[in-house]
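In what follows, a single structure is set out as structure tokens and then discussed.
Sequence lines set the chain letters: A, B, ... in the order given, protein chains first and strands last, and positions in each chain run from 1. Quick caveat: nothing in here was measured; it's all calculated off a predicted structure.
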Amino acid sequence: MSQAIAPEKNGSVPYEQSRLYSLRHSAAHLMAQAITELYPGVKLSIGPPIENGFYYDVDLDEPIKESDLTAIEKKMKELAKLDQAITCKKAQDREDAKRIILEDCTLGQGEHTAEYKLQLLDAIPDGDDIIFYEQGRTDRAGNKHYFIDLCRGPHLPTTKEIKYFKLMSIAGAYWRGNVNNKQLTRIYGTAFETQEELDNYLYVLEEAKKRDHRILGKQLGLFMFSQRVGSGLPLWLPKGTTLRETLTDYLKKEQLERGYQGVITPNIASSKLYEKSGHIITYKDKMFPFMEDEDNNTFILKPMNCPFHIEIFANALRSYKELPIRLAEFGTVYRFEQSGELAGILRARGFTQDDAHLFVTPEQLEEEFIGVVKLTMDVLKKLGLTNYRARVGTRDPNDTKYVGGDENWKLAQEAIENACKSMDMDYDVSEGDAAFYGPKLDLIIKDALGREWQMGTIQVDYNLPERFELEYIGEDGNPHRPIMIHRAPFGSLERMIGLLTEHYSGAFPFWMSPVQIAIIPIADRHIEYAEKLKKDFKEYRISIDSRRETLGKKIRENQIQKVPVMLIVGDKDIENNTVGVRSREDGDKGAISIDSLKEFLESV
RNA sequence: GCCCUCGUAGCUCAGUGGUAGAGCACUUCUUUGGUAAAGAAGAGGUCACGAGUUCAAUUCUCGUCGGGGGCUCCA
């Protein structure tokens with residue numbers, strides 16, 4: 001299990017200061033104590049509380065399985081009941097702390113078990129307090145139990161108060177989050193104040209799984225995967241395609257109104273294009289394998305659209321009067337994501353970006369950036385997504401993957417922050433989350449299971465124009481370098497549709513629904529009337545359910561398909577020129593005249 | 001890619017060291033019905049794939065492929 005659903009709020013106290021937070025922290029210690037008793041010689045590393053529980057990373061000689069968690073839970077219960085007091089102990093100095101780690105924390109299981117704790121000690125800055133928490137007691141049989149851990153705290157006063165917990169899953173996690181380090185075993189658990197809260201959490205988790213876009217995508221006939229087609233390569237079914245086209249039509253219209261021009265570029269290109277852009281250096285192993293022709297020319301399945309749009313810009317000698325040039329394309333790209341990174345259509349190997357690149361003068365940058373932010377916010381509002389956060393991704397100064405000079409990076413970052421400030425937008429700055437060619441503003445939303453996904457992104461880029469030596473002729477008659485803005489309000493069609501599916505539990509708003517209206521003739525003799533109705537309302541996406549099934553069954557199935565409006569037609573309707581209206585949300589609304597139906601549909 | 005976990009009919013899922021079952025869906029027949037599942041019959045599976053252990057494997061072991069939860073990563 002991971003960070004899921006919503007953080008538990010305890011009145012107005014921030015989670016980090018809540019009793020629940022301490023409870024989970026203590027539960028992590030209790031689990032570590034149980035593990036040291038069951039698996040002597042285990043090396044402990046870190047064990048913090050997280051959004052919906054806690055984990056502990058341990059280094060075991062023998063791999064453990066999920067079925068072993070029961071035994072650990074049982075041991076935890078025993079140790080909790082001992083009512084071990086949990087007390088804080090401050091080391092005198094660094095030497096003293098080292099002694100405590102080597103002598104006490106190892107619990108007599110050998111100094112090698114202190115490997116990670118010693119590294120953690122080294123990471124504590126000079127002058128900071130070095131604190132330990134210990135717990136212990138002798139049980140009725142006379143066995144001594146003891147545990148001490150380097151830890152900032154806080155904790156509950158006694159293990160007796162850790163009652164309602166559950167170990168959830170096992171995962172691998174690299175020591176200090178670095179792939180080059182050893183992979184440790186991470187055990188996830190959760191803990192609550194009451195049994196009811198724990199049960200409720202598990203229930204909510206089950207319910208959330210039903211909202212999973214992969215399940216709904218199958219139920220609603222939106223998309224599929226096939227083992228024969230390959231991993232991470234979705235196939236769009238008719239209804240999913242309709243939904244997708246509805247979204248692209250909407251965005252195309254918005255973009256047209258805002259001065260964008262559509263372009264179309266190929267799905268493969270010479271590797272030279274990506275050598276020039278710098279993508280090959282950074283991403284070679286994350287692209288699909290290269291193709292080679294008889295003359296040893298190498299081609300690449302396109303992992304992104306920017307270099308193509310750059311070529312289009314560079315195709316003519318540009319005047320400042322033409323700028324800004326806004327080139328838009330729903331461009332399908334292919335990235336060879338690691339198998340473990342795939343997640344339905346939220347993360348696929350082939351996906352379509354609602355991409356555009358703006359080529360602007362320095363004077364236009366801020367206004368254009370703000371224009372793009374506005375477009376993105378308008379789009380998200382139209383889609384009904386409001387619960388997102390903004391993140392400014394900046395460069396990690398210690399990482400070498402970034403291209404371009406310091407001055408360009410500084411300018412680009414200032415442009416983004418200025419635009420955000422002038423729009424009064426709240427954002428977090430996240431170091432190391434920039435694209436390799438420039439900083440970016442990302443909009444992030446959570447899925448059904450509480451995992452965060454990047455949707456829209458806006459990037460300011462001084463570097464690719466430099467690499468491709470892009471120019472326009474300024475008012476002064478001299479060549480100048482344009483600045484690029486990369487942007488995608490949806491991010492990708494696939495991810496956006498996945499997120500929308502979970503957001504709405506598949507019950508899409510009327511305007512987006514693949515099937516907006518299902519007309520249900522009661523008997524065969526009513527089909528003709530249904531077809532006439534469909535013709536009269538051809539501006540809507542209508543299906544006629546003319547199967548020879550009972551009315552109840554057809555209603556049930558269209559309801560499960562989350563069709564927003566059903567129109568039931570029978571003898572009475574033909575006679576009176578009416579339809580029986582049934583809404584997805586409100587159920588049966590009774591018969592209304594065809595004229596009122598027009599009004600009704602406009603109000604949905 | 002790594003750690004854990006799963007893979008039985010189109011779908012959702014039971015089940016077993018002696019080659020398989022339910023509900024829904026599908027086909028046919030009866031039923032033409034007014035707001036969340038009409039009735040009956042039929043058909044449908046190399047139990048993901050490959051190898052090993054065994055007299056015997058869908059069941060146990062290993063490998064491959066695919067899915068899921070994490071880690072890393074996401075231009």
Side-chain angles (χ1 to χ4, degrees), chain A residues 1-4 55 57 60 63-69 168-175 177-188 209 212 214-215 218-219 225-232 274 277-283 285-287 302-307 333 335-344 346-347 351 353 401-403 433-438 440 442 449 451 453-454 457 459 461 464 486 491-492 495 520-527 548-560 566 568-573 580-583 587-591:
Chain A
M1 219 26 265
S2 77
Q3 46 282 67
Y55 68 79
D57 283 352
L60 293 152
I64 65 166
K65 299 190 169 215
E66 246 151 59
S67 50
D68 299 326
L69 294 181
M168 305 294 287
S169 66
I170 293 177
Y174 300 103
W175 168 235
N178 186 331
V179 232
N180 301 315
N181 290 342
K182 179 160 190 195
Q183 192 169 56
L184 309 175
T185 303
R186 174 169 298 178
I187 304 175
Y188 283 100
K209 279 184 195 156
D212 188 313
R214 287 166 291 214
I215 292 170
K218 190 181 271 183
Q219 269 170 21
F225 288 92
S226 154
Q227 235 184 86
R228 276 189 285 273
V229 173
S231 236
Y274 297 101
S277 68
H279 285 101
I280 285 192
I281 307 161
T282 317
Y283 290 111
D285 55 341
K286 300 193 172 164
M287 295 178 183
K302 94 168 156 187
M304 43 146 37
N305 304 299
C306 347
V333 297
R335 299 177 183 178
F336 197 73
E337 309 288 12
Q338 293 187 63
S339 57
E341 293 166 345
L342 300 171
L346 294 181
R347 184 100 180 257
F351 58 96
Q353 297 178 309
K401 75 170 184 179
Y402 303 99
V403 300
D433 271 324
F436 77 92
Y437 46 71
K440 56 181 187 160
D442 292 328
L449 287 176
R451 298 175 296 196
W453 295 91
Q454 177 193 314
T457 179
Q459 303 159 8
D461 178 9
L464 288 180
H486 307 239
S492 85
R495 180 172 292 179
I520 306 181
I522 290 173
D524 288 354
R525 63 181 177 280
H526 310 127
I527 292 177
R548 302 180 71 172
E549 296 288 352
T550 56
L551 177 61
K553 182 160 186 173
K554 292 199 271 193
I555 287 175
R556 178 181 157 79
E557 289 181 1
N558 280 286
Q559 186 72 32
I560 289 168
M566 288 179 230
I568 287 94
V569 295
D571 290 335
K572 287 182 232 161
D573 298 294
V581 176
R582 188 176 216 284
S583 110
D588 187 5
K589 297 178 85 77

Do [X] and [N] share a donor-acceptor pair, side chain to base, under 3.5 Å?
{"X": "A:Tyr174", "N": "B:G1", "result": "yes"}
{"X": "A:Arg347", "N": "B:C74", "result": "yes"}
{"X": "A:Asp588", "N": "B:G34", "result": "no"}

Compare the minimum distances between each of [options] and the side chain of [X], then state the nucleotide with the smallest one.
{"X": "A:Gln338", "options": "B:G34, B:G66, B:U72", "value": "B:U72"}
{"X": "A:Lys572", "options": "B:G34, B:C4, B:U72", "value": "B:G34"}
{"X": "A:Ala171", "options": "B:G34, B:C65, B:G69", "value": "B:G69"}
{"X": "A:Arg582", "options": "B:G69, B:G66, B:A36", "value": "B:A36"}
{"X": "A:Ser169", "options": "B:C73, B:G66, B:G69", "value": "B:G69"}
{"X": "A:Arg451", "options": "B:G66, B:G70, B:G34", "value": "B:G70"}

How is [X] classified with respect to the nucleic acid when contacts are heavy atoms under 4.0 Å: base, sugar-phosphate, or nothing?
{"X": "A:Gly344", "result": "sugar-phosphate"}
{"X": "A:Lys302", "result": "nothing"}
{"X": "A:Ile64", "result": "sugar-phosphate"}
{"X": "A:Phe225", "result": "nothing"}
{"X": "A:Asp573", "result": "base"}
{"X": "A:Gly587", "result": "nothing"}
{"X": "A:Asp571", "result": "base"}

Heavy-atom pair of closest approach, residues [X] and [Y]:
{"X": "A:Asp573", "Y": "A:Ile568", "value": "OD2-O, 3.4 Å"}
{"X": "A:Glu337", "Y": "A:Arg347", "value": "OE1-NH2, 3.1 Å"}
{"X": "A:Leu464", "Y": "A:Cys306", "value": "CD1-CB, 4.4 Å"}

[N] and [M]: how far apart are their [atom1] atoms, nearest whole angstrom?
{"N": "B:G10", "M": "B:G69", "atom1": "P", "result": "24 Å"}
{"N": "B:U59", "M": "B:U8", "atom1": "P", "result": "13 Å"}
{"N": "B:G45", "M": "B:C11", "atom1": "P", "result": "14 Å"}
{"N": "B:A48", "M": "B:C13", "atom1": "P", "result": "15 Å"}
{"N": "B:U31", "M": "B:A41", "atom1": "C1'", "result": "15 Å"}
{"N": "B:G18", "M": "B:U58", "atom1": "C1'", "result": "12 Å"}
{"N": "B:A14", "M": "B:C24", "atom1": "C1'", "result": "15 Å"}
{"N": "B:U12", "M": "B:C71", "atom1": "P", "result": "27 Å"}

A:Asp588 and A:Arg582 ion-paired at < 4.0 Å: no
Carboxylate-amine/guanidinium contact A:Asp461 A:Lys440, below 4.0 Å: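 Between A:Lys440 and A:Asp461 there is no salt bridge, as every charged N stays at least 4.0 Å from the carboxylate O atoms.
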It should be established whether [X] places a side-chain nitrogen or oxygen under 4.0 Å from OP1 or OP2 of nucleotide [N].
{"X": "A:Arg556", "N": "B:C24", "answer": "no"}
{"X": "A:Arg335", "N": "B:C73", "answer": "no"}
{"X": "A:Lys209", "N": "B:G69", "answer": "no"}
{"X": "A:Arg228", "N": "B:C65", "answer": "no"}
{"X": "A:Ser339", "N": "B:G1", "answer": "yes"}
{"X": "A:Lys401", "N": "B:C74", "answer": "yes"}
{"X": "A:Thr550", "N": "B:G33", "answer": "no"}

Residues A:Arg495 and A:Gln454: side-chain donor-acceptor under 3.5 angstrom: no
Any A:Ser231 side-chain heavy atom under 4.5 Å of A:Leu342 side chain: yes
Could you check how far [atom1] of [X] sits from [atom2] of [N], rounded to whole Å?
{"X": "A:Glu549", "N": "B:C26", "atom1": "CD", "atom2": "P", "value": "7 Å"}
{"X": "A:Glu337", "N": "B:G70", "atom1": "CD", "atom2": "P", "value": "17 Å"}
{"X": "A:His279", "N": "B:C73", "atom1": "NE2", "atom2": "P", "value": "19 Å"}
{"X": "A:Lys553", "N": "B:G34", "atom1": "NZ", "atom2": "P", "value": "16 Å"}
{"X": "A:Tyr188", "N": "B:C3", "atom1": "OH", "atom2": "C1'", "value": "11 Å"}
{"X": "A:Arg525", "N": "B:U31", "atom1": "CZ", "atom2": "C1'", "value": "13 Å"}
{"X": "A:Ile555", "N": "B:A38", "atom1": "CD1", "atom2": "C1'", "value": "15 Å"}
{"X": "A:Tyr55", "N": "B:C3", "atom1": "OH", "atom2": "P", "value": "19 Å"}

Bracket string, RNA chain B, 5' to 3' - pairs by Watson-Crick or G-U geometry under 3.5 Å, | interstrand: (((((((..((((....[..)))).(((((.......))))).....(((((..]....))))))))))))....
First encountered from the 5' end of RNA chain B, between A:Ala173 and A:Lys554: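 Of the two residues, A:Lys554 wins.
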5′-ward residue of the pair A:Ala523/A:Gly552 relative to RNA chain B: A:Ala523
Whether A:Tyr437 and A:His486 hold their rings parallel, tilted or perpendicular, with breakpoints at 30° and 60°: parallel
A:Gln459/A:Thr457 under side-chain hydrogen bond (donor to acceptor under 3.5 Å, both in side chains): CA gap, chis, key distance, verdict: CA-CA 7 Å; A:Gln459 303 159 8; A:Thr457 179; 3.1 Å; yes
Ring-ring centroid check A:Phe436 A:Tyr402, cutoff 6.0 Å: no
Test salt bridge (charged side-chain N to carboxylate O under 4.0 Å, His left out) applied to A:Lys286 - qualifying residues, sequence neighbours left out: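 A:Lys286 satisfies salt bridge (charged side-chain N to carboxylate O under 4.0 Å, His left out) with no other residue.
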